[in-house]
Amino acid sequence: MKRRLVQLIIVVQLLTVSVSTMGFPCKPAVSHMDLDINDVRVRLNNGGTLWIDQSYDSRFEFPKDSGTHIFNGGAIWVGGITSSNQLYVISQTWINEHWSGPINQNGLSFHSICEDWDQMWKINRSTIDSFKAKQFTTQIPKILLDWPGKDNPNNPILARFPGREFAPYIDVNGDGKYDPYGGDYPNIRGDQAVWWVYNAGDGADFGMEFHVMAFACNGSDLEKRTTFYQYKLINRSNYNLDSTFVSHWVSPQIGCYQDDFIGCDTTRNMGIFYNGDLYDDGCGWKGFVTNPPMAAVAIVCGLKDQTGKRLKMSSFVVYTYGFGGPETAPHFYNLMNARHIDGSHITYFDSTLGIQRVTKFLFPGEPTDPAARTMCSSSIPITDYQALITTGPFKFEAGGIKKIIYVAVVNNSEVTYPCPSFSSLKTDVDYIRLLFDCNINLSLDDKSINTNEKSKLMVCYLPNNDIALTLRNPGRYFSVVEIFDLTGKRVVYAQGLNKGEYIIESAWVHARMYLYRTLDNKGVVRTGKLLISD
């Protein structure tokens, strides 16, 4: 780790100059919390970094309490160009270098603001449910009183930001502010959530504010291996940014950080991280030894561009600080723009045509296929790699808000090394997408289902000997119907229906639970569950 730390200090010093934060009147953020309700324990840092502690040790532990880790760094980068052709890049790697709290109405932050906001708010759904059931008869828990909802009168740090939206909440009494004494409560996703806010600014007229909610569920086996990261980005600067990219930087450490391979799946908007050899010895850390797991980081809900379209992964780049690592703002932006740090295109050799071809996606193949473009099939050395999962370009107006949600999932099924199949990990991500709606949080126990939307799709049983099932969509036509079993396997797929009902054949209908996803002629996607009983 000493080798890496020396490189990191150089990068951060240069990066600090490139984003004009030298001399910013705040101390570095120090608060941190663990998301730990399921079988994963992940470290979250107030200053923006994920999955690493302030001693630069890995903190994405799986299984929890095992001492083995999957990642040792994650962070969000933002880069864009102003109308005067000035480049702004906000990025970080292992060091927790951004500032606690929001930016004020003048685009500034101060030591007192950073000090007040150098904290994070962690709450379990069970606490919210108990509050809603009026089980706290004598005293409301501190986390509910302190929740940084809009204009919360019980939390003094909000007084400097009247009318500002911060942590989400349910306004039970409809008075436009958060106050648990009026029945209001936090609006979280999952069974446990951690919320915080940090910013990256230059102390003058440029700044970006980040509201983050990390959350996890503790239900099925898949949910126990999964964590989510929801970002709300606010452009607090005076500049409209064009050609803007948002990247999720990931540093893998599957046991040992020096022997990991990386790939991607362009159709699933995800990066994939797996061991590069048969045996994971840990290289100074606790290794997985044999059968190390794989992991993925994927975009679940992409940010929307100016037309309202959700953007997908626009590029996937792999690099190492020993070979092509970024040091200046143009270096970082070039990587986000799917180029080498010097601005040249990234290419690969097309053996079929015998030519070099430009690509925005490195290693998109399946390792089990020796002809596919993977680290396994290449002559690339096994070393310490990092990856960028990027979306863009888009316009980011001054005062604009962008939202994006990522998922990190670990797959510890029997993985055959070297060059393992990604199929089980892809199934995991497909199933997560099915359960997770960008506007509705669908978990296996029906948490937070929008019942009004759900009621528009009617499920009916037909009384015949073969047991058929009909989906009806009153007033609209189905374009696509998909049904999945609880392993994530798609058992029904129909498209081009152009009618308001779909009769499911009885061949697959058994007494069990299924999940459906439909697309209608209005472009509305709905998901839900079918429970079929004997």
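Both backbone and side-chain heavy atoms feed into the values below; hydrogens, waters and symmetry mates do not.
When all heavy atoms of Ala159 and Pro162 are compared, the pair lying nearest together is O-CD, 3.5 Å. What you find for Pro326 and Tyr319 is that their closest heavy atoms are CD-CE1, 3.4 Å. Of all heavy-atom pairs between Asp184 and Val172, the closest is OD1-N, 2.8 Å. The two residues Leu144 and Pro186 come nearest to each other via the heavy atoms CD2-CD, 3.3 Å. Residues Val429 and Ala298 share a closest heavy-atom pair of CG1-CB, 4.3 Å. Across all non-hydrogen atoms, the minimal contact from Asn152 to Pro180 is OD1-CD, 4.4 Å.
Ion pairing between a basic and an acidic side chain is recognised when a charged N comes within 4.0 Å of a carboxylate O; Lys150 and Asp171 show no such pairing. Note on Lys142 versus Asp146: salt bridge recorded, some NZ/NE/NH1/NH2 to OD/OE distance being below 4.0 Å.
For Asp151 (side chain) and Gly163 (main-chain N/O), a donor-acceptor pair under 3.5 Å exists by modelled atom type. In this structure, the side chain of Glu61 engages the main chain of Asp65 through a donor-acceptor pair within 3.5 Å. Of the possible donor and acceptor atoms, one in the side chain of Thr244 sits under 3.5 Å from a partner among the backbone N and O of Phe394. Between the side chain of Glu209 and the backbone N or O of Ile103 there is at least one donor-acceptor pair closer than 3.5 Å. Under a 3.5 Å cut-off, the side chain of Ser314 and the backbone N or O of Gly392 do form a donor-acceptor pair. For Thr359 (side chain) and Phe361 (main-chain N/O), a donor-acceptor pair under 3.5 Å exists by modelled atom type. Under the 3.5 Å distance criterion, the side-chain polar atoms of His69 are matched with a main-chain donor or acceptor of Phe60. Looking at Lys64, its side chain does come within 3.5 Å of a backbone N or O of Asn38 through a donor-acceptor pair. Side-chain atoms of Ser237 come within 3.5 Å of backbone atoms of Tyr239 as a donor-acceptor pair (strictly under, hydrogens ignored). Using a distance-only test at 3.5 Å, with no hydrogens or angles considered, no donor-acceptor pair links the side chain of Asn187 to the main chain of Tyr169.
Using a 4.5 Å cut-off on side-chain heavy atoms (C-beta onward), Gln54 and Val30 make contact. Residues Ile123 and Ile188 have side chains in contact (heavy-atom distance under 4.5 Å, counting atoms from C-beta outward). At a threshold of 4.5 Å between non-hydrogen side-chain atoms, the residues Tyr333 and Ser243 count as touching. Looking only at side-chain heavy atoms (C-beta outward), Leu222 and Tyr431 come within less than 4.5 Å of each other. In this structure, the side chains of Tyr181 and Asn173 stay at 4.5 Å or more apart for every pair of heavy atoms. Side-chain contact between Asn411 and Arg225 is present, with heavy atoms from C-beta onward closer than 4.5 Å. Within the 4.5 Å cutoff, side-chain heavy atoms of Val318 are placed close to those of Phe363. Pro63 has its side chain within reach of Thr68: a pair of non-hydrogen atoms, C-beta onward, lies under 4.5 Å apart.
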Next on the checklist: Applying ring pair (Phe, Tyr, Trp, His ring centres under 6.0 Å) to His248 and Trp51, what does each step give before you reach the verdict?
Outcome noted: CA-CA 13 Å; His248 197 310; Trp51 312 329; 5.7 Å; yes

Checklist entry - For Asp57 and Ser55, what are the C-alpha separation, side-chain angles and deciding distance, and is it a side chain to side chain donor-acceptor pair (under 3.5 Å)? => result CA-CA 5 Å; Asp57 289 339; Ser55 299; 4.9 Å; no

Next on the checklist: Go through it in stages, so that I can follow the logic: the residues are Phe161 and Ile113, the test is side-chain contact (heavy atoms from CB on, under 4.5 Å), and I'd like the CA-CA distance, side-chain angles, deciding distance and then a yes or no.
Outcome noted: CA-CA 10 Å; Phe161 299 92; Ile113 296 176; 4.1 Å; yes

Checklist entry - What do the steps show when you test Ile143 against Trp147 for side-chain contact (heavy atoms from CB on, under 4.5 Å), and what is the final call? => result CA-CA 6 Å; Ile143 181 60; Trp147 188 253; 4.3 Å; yes

Item to check | Step-by-step ring pair (Phe, Tyr, Trp, His ring centres under 6.0 Å) determination, His211 to Tyr231 | outcome: CA-CA 6 Å; His211 297 191; Tyr231 287 85; over 10 Å; no

Next on the checklist: Evaluate Trp117 against Phe166 for ring pair (Phe, Tyr, Trp, His ring centres under 6.0 Å), listing each step before the verdict.
Outcome noted: CA-CA 12 Å; Trp117 287 83; Phe166 287 114; 4.9 Å; yes

Checklist entry - So Phe215 and Tyr229, ring pair (Phe, Tyr, Trp, His ring centres under 6.0 Å) or not? Walk me through it. => result CA-CA 7 Å; Phe215 58 96; Tyr229 307 86; 8.2 Å; no

Item to check | Evaluation steps, side-chain contact (heavy atoms from CB on, under 4.5 Å), between Met294 and Val410 | outcome: CA-CA 6 Å; Met294 297 182 294; Val410 182; over 6 Å; no

Next on the checklist: Go through it in stages, so that I can follow the logic: the residues are Asp34 and Val42, the test is side-chain contact (heavy atoms from CB on, under 4.5 Å), and I'd like the CA-CA distance, side-chain angles, deciding distance and then a yes or no.
Outcome noted: CA-CA 5 Å; Asp34 288 350; Val42 299; over 6 Å; no

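There is no side-chain donor-acceptor pair under 3.5 Å between Gln192 and Arg125. A donor atom on one side chain and an acceptor atom on the other are found under 3.5 Å apart for Ser112 and Arg160. Asp179 and Asn154 share a donor-acceptor pair across their side chains, judged by distance under 3.5 Å alone. A side-chain N or O of Ser58 and one of Gln253 form a donor-acceptor pair less than 3.5 Å apart. Side-chain contact check for Thr383 and Tyr385: no donor-acceptor pair (N or O, by modelled atom type) lies under 3.5 Å. Defined by atom type and a distance below 3.5 Å, a donor-acceptor pair is present between the side-chain atoms of Ser344 and Asp342. For the residue pair Lys224 and Asn218, a side-chain donor N or O sits within less than 3.5 Å of a side-chain acceptor on the partner. A donor-acceptor contact closer than 3.5 angstrom links the side chains of Asn46 and Ser100.
Atoms CH2 and CD, on Trp249 and Gln92 in that order, are 8.5 Å from each other to the nearest 0.5 Å. Distance check: Ser315 OG to Leu335 CG gives 9.0 Å after rounding to the nearest 0.5 Å. The line from CD1 of Ile380 to OG1 of Thr320 is 9.0 Å long, rounded to the nearest 0.5 Å. Atom CG of Leu87 is separated from atom CG of Leu241 by 9.5 Å, given to the nearest 0.5 angstrom. How far NE2 of His32 is from CG of Asp53: 8.0 Å, rounded to the nearest 0.5 Å. In this structure, NZ in Lys232 is found 6.5 Å from CD in Glu165, a value given to the nearest 0.5 Å.
Partners of Asn275 under the side chain to side chain contact (heavy atoms under 4.5 Å, CB included) rule, at least two apart in sequence or in another chain, are Ile254, Asp259, Asp260, Asp277, Asp280, Pro292, Tyr417. Taking Met33 as the reference, Met120, Lys122, Val194 meet the side chain to side chain contact (heavy atoms under 4.5 Å, CB included) condition, with sequence neighbours excluded.
In Gln139, the CD atom is not crowded: 12 or fewer heavy atoms of neighbouring residues, nucleotides or ligands sit closer than 6.0 Å.
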